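A short write-up of the structure that comes next.
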2 protein chains.
Amino acid sequence: MDTSGIFAQFERHIALDEKEKLSIRSVLISARLRQGEFVETVGKVTANFIYVNSGCLMTYYTDADGSDHVIQFAMAGWWTGDLHSFTKEEPSIYSTRALADSEVFYLPKADMEMLLQKFPKLERYFRILFQNSIVSHQYRLIQNLSATADQRYENFSKRYPSLEQYVPLKYIASYLGITPEFLSKIRRKRSGH
Amino acid sequence: MDTSGIFAQFERHIALDEKEKLSIRSVLISARLRQGEFVETVGKVTANFIYVNSGCLMTYYTDADGSDHVIQFAMAGWWTGDLHSFTKEEPSIYSTRALADSEVFYLPKADMEMLLQKFPKLERYFRILFQNSIVSHQYRLIQNLSATADQRYENFSKRYPSLEQYVPLKYIASYLGITPEFLSKIRRKRSGH
DNA sequence: ATTAAATCTTAATCTGGTTCAAGGTCCACC
DNA sequence: GGTGGACCTTGAACCAGATTAAGATTTAAT
């Protein structure tokens, strides 16, 4: 599978020489996912950090009532997975699945740790990645605390216009923290009457 | 000011020798804050990453209506600040202030970058710190999406028992995403009738 | 092509939580 | 020791969004 995308991603924050790329390439596991296919399931330890090369993945939490709550969508160029399970090696409370046919690279935990030891600049890469991710999480939190469903939907559409193609509305509703029915109402109002 | 706490914190994830500690100590700026004092205010660029040595700080967002929404509390041993403003050097949308008399260390951005260059193991420290922070943020997001105010309050009390001493209830309500009035109602129900 | 399943919409009703307004409590400060 | 101010509580009216149930539309499998 083509690794130019993932290296372009690394090189947004750090420089890599051929030797380093070779090491990284040698541990990445490429996989093709069919739409709907599960990557991680509740109860199993997350063995890999996941890079989305193409397509779109979704990570969600299923509560006691059986309702799903979307934590994040991951498009091409994003990393995803359950960091809690991955870090602590405890069973995951989330599920991750493909929303469209997708190509991903798995980075197994042991290999990731090896790479981090061997190339400290990768620590820098992931430090920056996670730092930015915190900013996004805080932004979303603020949105949920202070904006109406209507405003949240508008911001979501602006922020992730491409997602509305891939993603069924019910998952967008879930991401926004509302029901599909209410999103439907919002959309009708928005579209004129 | 006593730096043993902050180094103990570093050493939870990385080992530091005396030379490294000296470098770090030489750039940390210690400060004492009075209860209520502002550390960062809306509209100004966040110049420092902030370590809380003792006491308790709070970071919050003030929306268009003038309501405050608490993003995080930071107790002794925690780092805090507006990572967006700090990273991008854009005006902060958050305020940070002391909830009790507190001691903090400021780590100015330029010094932090210098330290990260000089001691790559600090990249590792902050990578782990941020990685864990993402897990917490996701946990809170899930709570807000799937649990009732009642459950959220219960979980908060269990998770941060010490905070209920420092923190006025109205800020806990804000953190939970409800009004003080409704928190009051929840507390009454909880305490018998 | 046909059917079944998943998704999206509509409308009526209901509820968790807000808003508004008032009163009570606990300080700090002159 | 009283007065002002921040905080907490209470209750009534209200609303954003949930729930329930039904129908309409799209998608995918046979």
Side-chain angles (χ1 to χ4, degrees), chain A residues 33-38 56 58 60 62-70 73 95 97-101 143-157 163-193, chain B residues 34-38 56 58 60 62-70 73 97-101 143-157 163-193:
Chain A
L33 302 170
R34 286 309 187 80
Q35 177 169 13
E37 194 174 331
F38 282 86
C56 184
M58 167 180 100
Y60 60 96
T62 306
D63 68 19
D65 303 342
S67 323
D68 293 339
H69 303 276
V70 175
F73 299 114
S95 307
R97 48 194 293 219
L99 282 170
D101 292 353
Q143 285 281 110
N144 284 344
L145 293 178
S146 69
T148 63
D150 203 339
Q151 296 166 322
R152 257 142 55 211
Y153 176 55
E154 179 162 10
N155 290 340
F156 178 85
S157 302
L163 269 174
E164 277 194 277
Q165 285 133 26
Y166 282 116
V167 180
L169 287 172
K170 65 173 188 166
Y171 295 131
I172 294 180
S174 166
Y175 181 90
L176 296 174
I178 59 178
T179 57
E181 291 89 345
F182 194 62
L183 178 56
S184 201
K185 225 177 270 184
I186 289 171
R187 283 163 57 81
R188 181 164 55 138
K189 220 179 301 168
R190 189 161 293 269
S191 76
H193 43 97
Chain B
R34 286 310 186 81
Q35 177 169 10
E37 194 173 332
F38 281 85
C56 184
M58 167 178 100
Y60 60 97
T62 305
D63 68 20
D65 302 343
S67 324
D68 294 338
H69 304 275
V70 175
F73 299 114
R97 50 195 294 219
L99 282 170
D101 291 353
Q143 286 280 110
N144 284 344
L145 293 178
S146 70
T148 64
D150 202 339
Q151 295 167 322
R152 257 140 56 210
Y153 177 55
E154 178 161 11
N155 290 342
F156 178 85
S157 302
L163 270 174
E164 277 194 276
Q165 284 132 26
Y166 283 114
V167 180
L169 286 173
K170 64 172 186 167
Y171 295 132
I172 294 181
S174 167
Y175 181 90
L176 297 174
I178 59 178
T179 56
E181 291 89 342
F182 194 62
L183 178 56
S184 200
K185 234 174 260 186
I186 289 171
R187 284 163 55 82
R188 182 163 54 135
K189 219 181 299 168
R190 190 162 292 271
S191 75
H193 42 96

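Please read these numbers as outputs of a predicted model, since none were measured by experiment. Quick note on labels: first sequence line is chain A, next is B, and so on, each numbered from 1.
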Going 5' to 3' through nucleotides 24-30 of chain D and flagging B where a protein heavy-atom sits under 4.0 Å of the base, S where only the sugar-phosphate is that close, and - otherwise, we get ----S--

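For B/S184, the side-chain atoms get nearest to D/dT9 when compared with the rest of D/dG17, C/dG17, D/dT9. Listed candidates were C/dA11, D/dG17, C/dG17. Nearest to the side chain of A/F182 is D/dG17.
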Report, one pair per line, the protein and nucleotides 27-30 of chain C atoms (nitrogen or oxygen only) whose separation is under 3.5 Å.
none

Sub-3.5 Å pairs of nitrogen or oxygen atoms, protein against nucleotides 20-25 of chain C:
none

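Between the CG atom of B/L99 and the P atom of D/dA6 there is a distance of 16 Å, given to the nearest Å. Following rounding to the nearest Å, A/N144 (CG) and D/dG17 (P) show an atom-to-atom distance of 11 Å. In this structure, B/K185 atom NZ and D/dA13 atom P are separated by 12 Å, rounded to whole Å. Between the P atom of C/dG16 and the CZ atom of B/R152 lies a distance of 13 Å, rounded to the nearest Å. Rounded to an integer number of Å, the gap from A/I186 CD1 to D/dA18 P is 9 Å. In this structure, CD of B/Q151 is placed 12 Å from P of C/dG16, rounded to the nearest angstrom. For B/K189 and C/dT15, the NZ to P distance is 13 Å, given to the nearest whole Å. Atom CZ of B/R187 is separated from atom P of D/dT10 by 10 Å (rounded to the nearest Å).
Applying the ring-ring contact (aromatic ring centres under 6.0 Å, His included) rule to A/F73 yields the partners A/Y175; only residues at least two apart in sequence or on another chain are considered. Take B/D150 and apply the side-chain contact (heavy atoms from CB on, under 4.5 Å) test, not counting sequence neighbours, and it matches B/T148, B/I186, B/R190. Under the side-chain contact (heavy atoms from CB on, under 4.5 Å) criterion, B/K185 pairs with B/F182, not counting sequence neighbours. Residues meeting the side-chain hydrogen bond (donor to acceptor under 3.5 Å, both in side chains) test with B/E181, sequence neighbours left out: none. Legend: residues meeting side-chain contact (heavy atoms from CB on, under 4.5 Å) with A/E37, ordered by chain and number and at least two apart, are A/L33, A/R34. Taking B/E164 as the reference, B/R187 meet the salt bridge (charged side-chain N to carboxylate O under 4.0 Å, His left out) condition, with sequence neighbours excluded.
B/R188 has a side-chain polar atom (N or O) that falls below the 4.0 Å cut-off from OP1 or OP2 of D/dG11.
Put simply, CG on B/L145 and OH on A/Y60 are 15.0 Å apart, with the number rounded to the nearest 0.5 Å.
DNA chain C is contacted by A/P168, A/L169, A/K170 of residues 164-179 of chain A, taking any non-hydrogen atom closer than 4.0 Å.
Between the A/S184 side chain and the A/P180 main chain, no donor and acceptor come within less than 3.5 Å of each other. Under the 3.5 Å distance criterion, the side-chain polar atoms of A/Q35 are left unmatched by any main-chain donor or acceptor of A/D101.
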Can you give each donor-acceptor pair under 3.5 Å made by side-chain atoms of residues 62-70 of chain B, sequence neighbours left out, with the distance rounded to 0.1 Å?
residue: B/T62; atom: OG1; partner: B/D68; partner atom: OD1; Å: 2.8
residue: B/D63; atom: OD1; partner: B/D65; partner atom: N; Å: 2.9
residue: B/D63; atom: OD1; partner: B/G66; partner atom: N; Å: 3.1
residue: B/D63; atom: OD1; partner: B/S67; partner atom: N; Å: 3.0
residue: B/D63; atom: OD2; partner: B/H69; partner atom: NE2; Å: 2.8

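Across all non-hydrogen atoms, the minimal contact from A/L99 to A/M58 is CD1-CB, 3.7 Å.
One axis for each end of the helix from C/dA1-D/dT30 to C/dA22-D/dT9, each built from five base pairs, and the angle between them comes to 50° at 10° resolution.
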